[in-house]
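These values consider heavy atoms only, across backbone and side chains, with no hydrogens, waters or symmetry-generated copies.
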Amino acid sequence: MGTALSAHGPGCALVSVAGLVLNTLWQRYGSANSQRDVMGSPRFSWWVGVFHQTVVFPVLFAGAWRGTVGPETLGDWLRSGGPGAEPWLRWFHYVFFGYLVKDLAIPLSTVLVA
């Protein structure tokens, strides 16, 4: 556990801080339209989510899959543990962790809590 934390802790911390800074800047300087509430969350948070889910995550996943040697199908690759996929899987992990942490700075509305 200590080795995994020492290997992944700095990367997760870096992208978490970056996500929190992004949200803070958007909350302070974003347009009125970006601040509008969409189902309990500010619109800019949805925009960041769409960008990650349509651009960032697929690119990192494709890089991890392409970086492997051997398995030919997605099922084989998932069962193999993805040998040769470094650093793509590591960055996928970091970005996903930061993506989840970024919303911790958003004030919870009653819609989001319920």
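If you chain together hydrophobic residues whose side chains sit under 4.5 Å apart, Phe96 and Leu14 never meet in one group. Linking Ile, Leu, Val, Met, Phe, Trp and Tyr residues whenever their side-chain heavy atoms come within less than 4.5 Å leaves Val48 and Val21 in two separate clusters. Both Leu60 and Val55 are assigned to one and the same hydrophobic cluster, defined by single-linkage of ILVMFWY side chains at heavy-atom distances under 4.5 Å. Taking hydrophobic clusters as Ile, Leu, Val, Met, Phe, Trp and Tyr residues chained together by side-chain heavy-atom distances below 4.5 Å, Leu25 does not share a cluster with Phe44.
A perpendicular orientation is assigned to the rings of Phe57 and Tyr99, their planes being inclined by more than 60° (bins at 30° and 60°).
The nearest pair of heavy atoms linking Thr54 to Val50 is OG1-O, 2.7 Å.
A search for side-chain contact (heavy atoms from CB on, under 4.5 Å) contacts involving Val15 returns Trp91, Tyr94, not counting sequence neighbours.
Taken to the nearest 0.5 Å, the CH2 atom of Trp46 stands 9.0 Å off from the CD atom of Gln53.
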